[in-house]
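For this chain, numbers begin at 1 and follow the sequence in order.
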Amino acid sequence: MAGKDRDAAVGERIAKMIARAGLCSRREAEAWIAAGRVAVNGETVASPARNVTADDRVTVDGEPLPQRERTRLFLYHKPRGLVTTRADPHGRPTIFDALPKDLPRLLSVGRLDMNTEGLLLLTNDGGLARILELPATGWLRRYRVRAHGRVPAERLAALRDGITIDGIRYGSIEARLEREQGANAWLVFAMREGKNREVKNVLGHLGLKVNRLIRVSFGPFQLGDLPEGAVEEVRTRHLREQLGERVAAIAGADFSGPVLPREPAQAPLSSRRPEARAAHDPEKWIPVFGKRSRATNKLERDADSKKRHLALDDREPRRTRPTRDAGQKAPRARARPPQDDGMRSRTHRQHRPSDAERLGEPERARREKRRRRFRGKRR
């Protein structure tokens with residue numbers, strides 16, 4: 001308890017506080033400080049090497065910092081072809097361009113290569129992102145790998161002791177063969193370090209060429225059946241349980257703060273599944289597994305129903321027979337023309353076939369015998 005009071009008295013770096021408020025990253029905050037845009041208690045700050053506490057009044061361009069949002073974590077199914085960065089100098093599409101606009105400003109926990117797909121953790125807390133991506137945290141990362149070539153099971157088992165490639169030491173790796181498919185092999189990799197291009201470098205050293213890489217889990221969080229490109233938030237209670245008190249304390253996570261709305265004029269959109277967002281945009285539907293979303297179909301059904309009602313109101317009035325007086329005789333029915341094609345209507349049959357003609361004499365006699373027997377039992 002005394003340690004927490006001492007930390008509160010010392011405070012934290014001003015760039016870290018600005019980043020935790022969700023305005024920018026730490027590097028951008030340091031650039032703002034160098035440009036003279038940040039002030040503490042009315043005094044312009046010239047250096048980012050300054051600690052501030054909760055009692056200090058920090059402003060950016062004369063505006064106070066927004067209230068700090070509680071620590072949140074999101075699961076994102078990253079598709080292939082996106083770069084894990086906020087701004088790419090080569091103009092390639094990034095994951096942050098593909099995320100829903102109603103989400104807060106998020107940071108990625110580690111990175112995935114452009115052609116790597118699967119689970120990517122996103123958080124609004126820079127301290128938590130830094131702690132989770134460190135190898136010292138010890139969280140296991142699992143991958144499913146499709147590689148071209150063959151490798152003996154003994155060489156995969158030897159990776160448990162680690163391996164050194166081009167002077168780079170890779171720690172213990174759990175690797176096993178899942179199945180072989182033509183000239184390719186599906187493998188399962190599990191590691192705790194997650195160095196840059198570790199899976200591709202290790203398998204390349206074993207003579208395999210990776211042509212597909214999917215991360216299926218990161219620590220206790222699983223990709224599961226999350227659709228590609230979808231985002232799902234981890235509940236605060238579940239997040240606190242999975243992090244544990246030690247990791248949450250080191251990261252400085254705050255689970256008591258509010259969730260600040262990003263668009264006050266509109267209701268916040270759900271980010272769990274892409275089809276849930278289509279309910280807020282009737283003019284747009286998002287294909288999911290080849291079908292339209294349930295919410296969009298409901299909107300279309302309501303619109304069609306309204307059109308039908310309008311069409312019924314605008315139609316011509318139905319013609320009715322003129323009423324006759326009490327003493328007036330009913331009009332004589334018109335005679336129907338005879339049908340000589342052998343087909344008679346149901347209401348004007350001249351001949352109805354008997355049971356013997358329809359069923360045949362043996363079947364008719366059998367049914368009649370059964371009918372008499374049933375009547376005898378009832379009596």
Side-chain angles (χ1 to χ4, degrees), residues 73-85 93-95 98-99 108-123 129 132-135 137-163 165 168 170-232 234 238 242 272-274 288-290:
L73 186 72
F74 298 83
L75 310 181
Y76 175 54
H77 188 163
K78 176 191 174 298
R80 301 178 68 177
L82 298 181
V83 184
T84 311
T85 183
T94 69
I95 61 169
L99 291 178
S108 64
V109 180
R111 293 171 179 264
L112 290 179
D113 294 341
M114 183 175 182
N115 292 325
T116 303
E117 53 190 302
L119 180 62
L120 182 65
L121 300 185
L122 305 173
T123 178
L132 295 185
E133 66 188 9
L134 288 176
T137 307
W139 276 16
L140 197 67
R141 302 157 172 85
R142 293 188 180 276
Y143 297 83
R144 293 188 69 239
V145 191
R146 187 181 67 189
H148 184 269
R150 294 287 183 270
V151 60
E154 296 79 12
R155 300 194 66 184
L156 293 178
L159 296 177
R160 289 181 175 272
D161 301 328
I163 187 172
I165 303 174
I168 301 176
Y170 297 101
S172 177
I173 300 175
E174 300 177 9
R176 63 178 177 85
L177 179 64
E178 189 177 56
R179 73 175 189 274
E180 294 181 351
Q181 185 179 17
N184 297 318
W186 280 96
L187 306 127
V188 177
F189 258 52
M191 62 197 69
R192 300 185 185 275
E193 289 184 343
K195 292 182 179 178
N196 184 30
R197 301 177 62 86
E198 180 172 353
V199 177
K200 296 181 179 179
N201 292 338
V202 171
L203 289 182
H205 181 74
L206 299 180
L208 300 177
K209 183 177 180 182
V210 177
N211 48 41
R212 189 175 184 186
L213 182 58
I214 309 170
R215 184 155 72 183
V216 295
S217 68
F218 192 106
F221 303 106
Q222 308 290 326
L223 179 64
D225 57 353
L226 188 66
E228 184 178 294
V231 185
E232 178 178 347
V234 180
H238 182 63
Q242 296 299 331
R272 178 177 176 86
R273 292 288 187 269
V288 180
F289 301 117

ask   = Do Ser108 side-chain atoms and Gly110 backbone N/O form a donor-acceptor pair below 3.5 Å?
value = yes

query = Are the side chains of Arg160 and Glu174 in touch, meaning some heavy atoms are under 4.5 Å apart?
reply = yes

request  = Write down the atom of Ile214, the atom of Leu223, and the distance for their closest heavy-atom approach.
outcome  = CG2-CD2, 4.5 Å

message = Taking the basic N atoms (NZ, or NE/NH1/NH2) and the acidic carboxylate oxygens, is any pair closer than 4.0 Å for Arg212 and Glu117?
response = yes

key: Polar side-chain atom of Lys78 near backbone of Val83 as donor-acceptor pair, under 3.5 Å   = no

Under 3.5 Å: donor-acceptor pair, side chain of Thr84, backbone of Leu112 = yes

query = Does the side chain of Leu120 come within less than 4.5 Å of Arg215's, by heavy atoms?
reply = yes

Side chain to side chain, Leu159 and Tyr170, heavy atoms closer than 4.5 Å = no

request  = Can you measure from CG (Leu132) to CZ (Phe221) and round to the nearest 0.5 angstrom?
outcome  = 7.5 Å

message = Testing the basics here: between Tyr143 and Val199, what is the closest heavy-atom pair and its distance to 0.1 Å?
response = CD1-CG2, 4.3 Å

key: Check: Leu75 and Leu121 side chains under 4.5 Å, non-hydrogen atoms   = yes

task = Can you measure from NZ (Lys195) to CD1 (Ile165) and round to the nearest 0.5 angstrom?
result = 10.5 Å

inquiry  = Please give me the minimum heavy-atom distance between Leu119 and Gln222, naming the atom from each residue.
reply    = CD2-C, 4.0 Å

ask   = Just by distance, do the side chain of Glu193 and the backbone of Gly171 share a donor-acceptor pair under 3.5 Å?
value = yes

ask   = To the nearest 0.5 Å, how far apart are CZ in Arg144 and CG in Leu213?
value = 11.0 Å

inquiry  = Contact between Leu122 and Ile95 at the side-chain level, heavy atoms closer than 4.5 Å - yes or no?
reply    = yes

query = Arg192 side chain to Trp139 main-chain N or O, any donor-acceptor pair under 3.5 Å?
reply = no

ask   = Measuring from Ile163:CD1 to Ile168:CD1, what's the distance to the nearest 0.5 Å?
value = 12.0 Å

task = State whether the number of non-hydrogen atoms from other residues, nucleotides or ligands found under 6.0 Å of Lys209 atom NZ is greater than 12.
result = no

inquiry  = On a heavy-atom basis, which atom in Ala230 and which in Tyr76 lie closest, and how many Å separate them?
reply    = O-CD1, 3.4 Å

key: Nearest non-hydrogen partners of Leu156 and Leu206, listed with the distance   = CD2-CD1, 4.1 Å

task = State the CD-CD distance between Glu178 and Glu180, to the nearest 0.5 angstrom.
result = 12.0 Å

query = Can you tell if the side chain of Asp113 reaches within under 4.5 Å of the side chain of Asn196, non-hydrogen atoms only?
reply = yes

query = Is there a side-chain contact between Ile173 and Glu198, using heavy atoms and a 4.5 Å cut-off?
reply = yes

query = Do Arg142 side-chain atoms and Val216 backbone N/O form a donor-acceptor pair below 3.5 Å?
reply = no

query = Which value, rounded to the nearest 0.5 Å, describes the distance between Thr85 atom OG1 and Met114 atom CE?
reply = 12.0 Å

key: Minimal non-hydrogen separation, Leu208 against Gly149, with atom names   = CD2-C, 3.3 Å

query = So, do Leu203 and Phe189 sit near enough that their side-chain heavy atoms are less than 4.5 Å apart?
reply = yes

